[in-house]
Amino acid sequence: MDKIRIDSLSKTYASKVGRVRALENINLTIGHNEFVTLVGPSGCGKSTLLKVIGALIKPSRGRIIFDEAPLLKPTADVGIVFQEPVLLLWRTVLDNVLLPAEILRLDKAKAKKRAMALLKLVGLEGFETRHPDELSGGMQQRVALCRALIHDPSVLLMDEPFAALDPMTREELGFELLRIWDVEKKTVVFVTHSIPEAILLADRVVAMSPRPGAIARILDIDLARPRTLDMQFTDKFKSYSDEIRAVIHRRAGGSAP
Amino acid sequence: MTIELPAGIADDEEVEELTSSPSPARTYLTATLTLMALIGAWEICARWANLPAWLLPSPSAIADAVADWRWELLQHFLVTFSETLLGFGLAIVVSIPLAVAIVYSPILQMTIYPILLALQSMPKVAIAPLFALWIGFGMMPKILVVFLVSFFPIIVATERGLTSVPPPLMELIRSLSASPLQTFIKIRFPTAMPQIFTGFKIAITLSVIGAVIGEFVGAQSGLGYLILLASSQSRTPLAFGALLCLTVMSILLYYAVELIERLVVPWAKKT
């Protein structure tokens, strides 16, 4: 059974300059607990596609089938992590994690227990009463991840979640995400513009090309789990990355470097 | 935060201090000493040049006037202080709900808000005589002038604050199908708080000016009235004394707002 099915989906924006086609005829099926990364250059519509999957943007044509039913409005079965942690500065780490639980009016005691467990899972045990401005960027993004998971959604949407972090923290958080995904099985849709990151994390990479945003290639990543940094230097990894780079650039009208 | 020496650094090692700004105590001491030196210089100049007291009184003459007139000064201080606080309070009570209404209603945003902003460029001093004409010479016209001058900074700051929620945060809230009330209470209003306080701090300083303007136009009490009266009778030391009281009031009110800000919105960016 599929978790999410994207059916001949298009999105067009109208502006003063004219109409811009952000997404062109997207067809994609995402399985239960699958880790899918959307990769492509800026302007390929990967973030737009993620927001359409979260029902934050309405498609111009086509539809999203979520758990075998058409998705018409946002569902609480989705957790979102953005590039910026956007934590509430006036709340402690724990209360930030609890925000979705409050909005959804979940059982307080249970939510708190889960929040503590999640914070422990991301290595922030003991930081519950701190405020966001006392944390590093990487730690803040970990809190944002816990906030996305607090209401135990079955789908996690991540919009370039590690793009604002330094390269080392970025690698570290990538592996941490995989470790969490192992414990908390979720369907993950992860947007990135980093090809190595896309390959290293994913079961499948969806390579997208710009103007108009379209799927250029879908690759099954046949690398063993748990993933390690060393895998980047294998021939298989290199052939994946070459292939993605080639399709992204060919469709973009440029030449592969 | 405590600073612990990492292992391997000996206690007798010469450690370079990286914080270069002087300590607050030292800053205050320097400022106080400078002020005292200036007052001393003024005293010496005034005595040496033998200026008449009605033209430029010496600091000691001002101090004498303040001591002689302390009860009158206190009484007038309280009048101006009440006018300022009542007008400022009225501005808060009216501005914040109005700003919320403007943010949530596109119609109000298109109709009322541009008019309010246009009104802001109107010199408020010019309206004070009209208030005196309409409602007489009691405390009310002064309160209204204070209200008028402090109303705009608060409404503008609140409007800006309420609309400054980062778009991703709004999307997150929308993905959870939060109600408009939840969004307002949990996200928008707390986000706006630091900017609202910035508005308060601008408004409170203007409020004192507004009260004095109101008193200048026509009053029987208040520090503004006292300054007018004292100058018309060439009692310049008293006028200076009243001016001193106004300055103290302004500073006190500003720091009171700042203190409340620190207690209510400790997350506001320190400036």
Side-chain angles (χ1 to χ4, degrees), chain A residues 47-48 50-58 66 71-92 95-106 130-134 141 143-145 147-148 150-151 153 155-161 163-164 191, chain B residues 1-4 6 18-19 96 100 103-104 157-158 160-201 257-271:
Chain A
S47 289
T48 307
L50 192 81
K51 281 174 190 168
V52 177
I53 296 172
L56 294 169
I57 294 178
K58 277 196 162 49
F66 191 100
L71 182 73
L72 302 172
K73 58 180 175 49
T75 155
D77 199 18
V78 163
I80 306 182
V81 181
F82 297 95
Q83 183 174 334
E84 300 299 329
V86 286
L87 300 175
L88 307 180
L89 299 177
W90 56 92
R91 284 179 174 235
T92 60
D95 287 341
N96 262 290
V97 175
L98 286 171
L99 178 74
E102 281 173 29
I103 290 173
L104 299 169
R105 300 184 204 287
L106 303 181
R130 298 293 188 89
H131 282 86
D133 57 359
E134 298 174 81
Q141 202 56 298
V143 176
L145 182 60
R147 180 179 60 188
I150 183 71
H151 52 298
V155 174
L156 191 55
L157 302 179
M158 307 185 82
D159 193 359
E160 303 196 34
V191 166
Chain B
M1 240 175 264
T2 54
I3 299 161
E4 282 169 30
L18 286 177
T19 47
I96 292 182
V100 172
V103 167
Y104 276 91
T158 309
R160 297 273 150 81
L162 288 172
T163 49
S164 68
V165 180
L169 195 53
M170 285 311 272
E171 284 175 342
L172 179 81
I173 293 306
R174 210 148 60 79
S175 81
L176 294 164
S177 309
S179 70
L181 188 67
Q182 281 178 326
T183 310
F184 180 75
I185 292 172
K186 291 186 192 296
I187 310 291
R188 287 189 109 161
F189 198 69
T191 303
M193 286 286 266
Q195 292 193 50
I196 292 176
F197 266 94
T198 306
F200 284 173
K201 283 195 272 185
V257 173
E258 203 172 73
L259 181 70
I260 296 170
E261 180 188 29
R262 271 189 213 169
L263 296 175
V264 178
V265 282
W267 67 90
K269 293 263 186 311
K270 315 277 182 300
T271 45

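So that the names make sense, note that chain A is the first sequence line, chain B the second, and so on, each numbered from 1. Nothing here was measured: the structure is a model prediction, and the numbers come from that model.
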Which heavy atom of A:Trp90 sits nearest to which heavy atom of B:Thr191, and what is that distance? CH2-OG1, 3.3 Å

I need the minimum non-hydrogen distance between A:Ile80 and B:Leu172, along with the two atoms involved. O-CD1, 3.8 Å

If you look at every heavy atom in B:Gln182 and A:Glu102, which pair is closest and at what distance? NE2-O, 4.0 Å

Exam field: side chain B:Arg174 to backbone A:Leu56, donor-acceptor pair closer than 3.5 Å: yes

Pair count under 4.5 Å, heavy atoms only, with chain A: among B:Pro166, B:Ala178, B:Pro190, highest is B:Pro190

dist A:Leu89:CG -> B:Met193:CE (nearest 0.5 Å) comes out at 13.5 Å

Mind listing the closest non-hydrogen atom pair of A:Ile103 and B:Ile173 along with its distance? CD1-CD1, 3.6 Å

Among A:Pro153, A:Pro74, A:Ala148, residue most engaged with chain B (heavy-atom pairs, under 4.5 Å): A:Pro74

B:Leu176 to A:Leu104 - nearest heavy-atom pair and separation: O-CD2, 3.6 Å

When the 4.5 angstrom heavy-atom criterion is applied to A:Leu99 and chain B, the contacting part is side chain

Atom of A:Phe82, atom of B:Glu171 and distance for their closest heavy-atom approach: CE2-OE1, 3.2 Å

Sort A:Lys51 into side chain, backbone, both or neither according to what part of it lies under 4.5 angstrom from a heavy atom of chain B. side chain

